Amino acid sequence: MSAFGATAGGGVERQAGSEADHATRAWFTAWLTERGFTVREDAIGNIFGLYELVPGAPYVLMGSHLDSQPLAGRFDGAYGVLAAAHAAHAVVRASAEGRVTPTLNVAVVDWFNEEGSRFAPSMMGSSVATGKLALAEALAVTDTAGITVAEALGERPEPVPGLEVASYAEIHIEQGRLLEEAQTTIGLVHATWAASKYRISVNGAQAHTGATVMEDRRDALYGASLLVVAVRELTELLPEGALHSSVSEMEVLPNSPVTLARQVNMNLDLRSASEEVLARANELLAEKFEEIEAKAKVSIERRLTHAWGLVDYPAAGVELARDSAASLGLSHTPIMTVAGHDSTNLKDVVPTVMLFVPSIQGVSHNEAEDTRDADAVDGVAMLSDVAARLVGGELYRGESYRLS
């Protein structure tokens, strides 16, 4: 799979709807078809591989995403899709051989545009599928070149009834180094960090870089630079490791070599495992804004784009995963996720299991991203066992959710 969108640095680049992304999706569709899965694609580009074991029953769904960040690693998302595909196929074989008695069907999914690097917001496909984002709104989103999601996806299939899902499972690389440092194979994700995400505009006045008197300058880029530093230094004002902060995707206007910036637009991201710490960080940020506005003679606008508190994953799913890991003799530990995943959408509508395998040195969204083969294979074994349990009816209480 890593041959699609391969980069010189050993990673991949296949942003959502790109030629490389489409090529990967075509390869994945062929892989599923060759193994007897029925493949269908929904209106937002999610690809489902369906295998019916019990006619008319809902599906146990597993998967992740195949799109990537620019100059990204091979494992983020793609490992979860491949692991899910192998786990689903293992359940199909086990059912045919009488080693699993299914009460539910099994399906694999590649969620469209999880990364959100080309088209915002992230987790787009699973957001539409779970009714959190309107299809029309998602299809109308444009990239920096003005290409819409609808145009990037190309001709869409005829609408089909949404999939009836009984439960969901996802496995992912950790994207941190807690598991590696603890020499633990499986992370049992039980909650996600709280977060506040903003779209920031620093507004100044366009002027000549050479001729404008220094005291008259209202340089938006200077103000933005002060803000970048202040956001990083917020982490030093709070307990060590309690806050993650960042500024990204900076747009400078007019971005001319001889003109002071009139406006700088950027994203600002605060995350913490403590809602109290996050609240304090937001208070300190507001104070920093006032200081920067006075010092740089600019105004700062902020729009909260995403916010959530500490959110738990279903306890029953964590317990099922713990039993599975113990039965396989795999070392395991409870862990929180700092990053967002498609499972954060699915857990709100169906029983969900989220698993991590170690990342080498915690490197992610980078061509050097890597996971040991042994850990990757153990993760597939773990997900296969979880899938067999779910297909056998564990966590199922007779209720399902129809995806949009």
Side-chain angles (χ1 to χ4, degrees), residues 9 13 15 69-72 115-122 141-147 193-272 276-307 338 363-367:
E13 178 158 349
Q15 297 188 65
Q69 291 285 332
L71 291 180
E115 291 292 355
S117 56
R118 181 182 180 190
F119 300 107
S122 59
V141 170
T142 60
D143 64 10
T144 56
I147 298 171
W193 276 31
S196 296
K197 296 186 176 184
Y198 297 94
R199 186 63 176 171
I200 302 293
S201 292
V202 181
N203 300 302
Q206 192 166 313
H208 196 291
T209 56
T212 306
V213 176
M214 294 302 295
E215 64 185 28
D216 293 342
R217 298 186 181 208
R218 298 176 54 222
D219 186 350
L221 185 54
Y222 172 53
S225 301
L226 294 174
L227 181 54
V228 170
V229 174
V231 169
R232 177 59 179 262
E233 291 180 345
L234 280 181
T235 63
E236 300 170 8
L237 302 176
L238 296 161
E240 184 177 358
L243 178 73
H244 287 188
S245 69
S246 62
V247 173
S248 62
E249 195 185 22
M250 185 175 289
E251 176 192 36
V252 181
L253 300 173
N255 206 27
S256 166
V258 291
T259 303
L260 299 178
R262 67 175 180 271
Q263 186 179 72
V264 176
N265 300 306
M266 52 194 175
N267 289 326
L268 193 159
D269 191 326
L270 303 176
R271 306 192 194 206
S272 179
E276 291 74 20
V277 167
L278 184 62
R280 180 56 180 154
N282 276 292
E283 292 173 357
L284 292 170
L285 183 63
E287 295 173 6
K288 292 293 184 182
F289 281 178
E290 292 181 3
E291 294 173 10
I292 293 167
E293 285 176 323
K295 185 173 184 178
K297 300 176 183 177
V298 297
S299 64
I300 300 174
E301 299 175 17
R302 61 172 171 170
R303 177 172 59 88
L304 187 66
T305 57
H306 297 84
V338 183
V363 175
S364 186
H365 285 188
N366 183 295
E367 291 171 296

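None of these values were measured; they are calculated from a predicted model.
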To check you understand the geometry: which heavy-atom pair defines the closest contact between [X] and [Y], and what is its length?
{"X": "Phe119", "Y": "Asp143", "result": "CE2-N, 3.6 Å"}
{"X": "Ile292", "Y": "Val298", "result": "O-CG2, 4.1 Å"}
{"X": "Pro254", "Y": "Thr259", "result": "CG-CG2, 3.7 Å"}
{"X": "Ala120", "Y": "Val141", "result": "O-CG1, 3.2 Å"}

(request) Output all residues satisfying side chain to side chain donor-acceptor pair (under 3.5 Å) with Gln69, sequence neighbours left out; order by chain, then residue number. (result) Glu115
(request) Please identify each residue that fulfils side chain to side chain donor-acceptor pair (under 3.5 Å) with Ser117, with sequence neighbours left out. (result) Gln15
All N/O donor-acceptor pairs, side-chain side in residues 260-267, below 3.5 Å, sequence neighbours left out:
unit_1	atom_1	unit_2	atom_2	d
Arg262	NH1	Gln206	OE1	2.5
Gln263	OE1	Asn265	ND2	3.2
Gln263	NE2	Asn203	OD1	2.8
Asn265	OD1	Ser201	OG	2.6
Asn265	ND2	Glu251	OE1	2.8
Asn267	OD1	Arg199	NH1	3.1
Asn267	ND2	Glu249	OE1	2.9

Rounded to the nearest 0.5 Å, how far does [atom2] of [Y] lie from [atom1] of [X]?
{"X": "Glu293", "Y": "Ile300", "atom1": "CD", "atom2": "CD1", "answer": "4.5 Å"}
{"X": "Arg302", "Y": "Leu268", "atom1": "CZ", "atom2": "CG", "answer": "9.0 Å"}
{"X": "Ser272", "Y": "Leu234", "atom1": "OG", "atom2": "CG", "answer": "11.5 Å"}

Enumerate, atom names and distances included, each donor-acceptor pair closer than 3.5 Å involving a side-chain atom of residues 277-288, sequence neighbours excluded.
unit_1	atom_1	unit_2	atom_2	d
Arg280	NH1	Glu283	OE1	3.0
Asn282	OD1	Tyr198	OH	2.4
Asn282	ND2	Ser196	OG	3.2
Asn282	ND2	Leu278	O	3.0

(message) Go through it in stages, so that I can follow the logic: the residues are Arg118 and Ile147, the test is side chain to side chain contact (heavy atoms under 4.5 Å, CB included), and I'd like the CA-CA distance, side-chain angles, deciding distance and then a yes or no.
(response) CA-CA 10 Å; Arg118 181 182 180 190; Ile147 298 171; 3.7 Å; yes
(message) Going by side-chain hydrogen bond (donor to acceptor under 3.5 Å, both in side chains), name the pairs with one or both residues in residues 212-241, residues two or more places apart or in two chains.
(response) none
(request) Could you tell me which residues satisfy ring pair (Phe, Tyr, Trp, His ring centres under 6.0 Å) with His244, sequence neighbours excluded, listed by chain and number? (result) Trp193
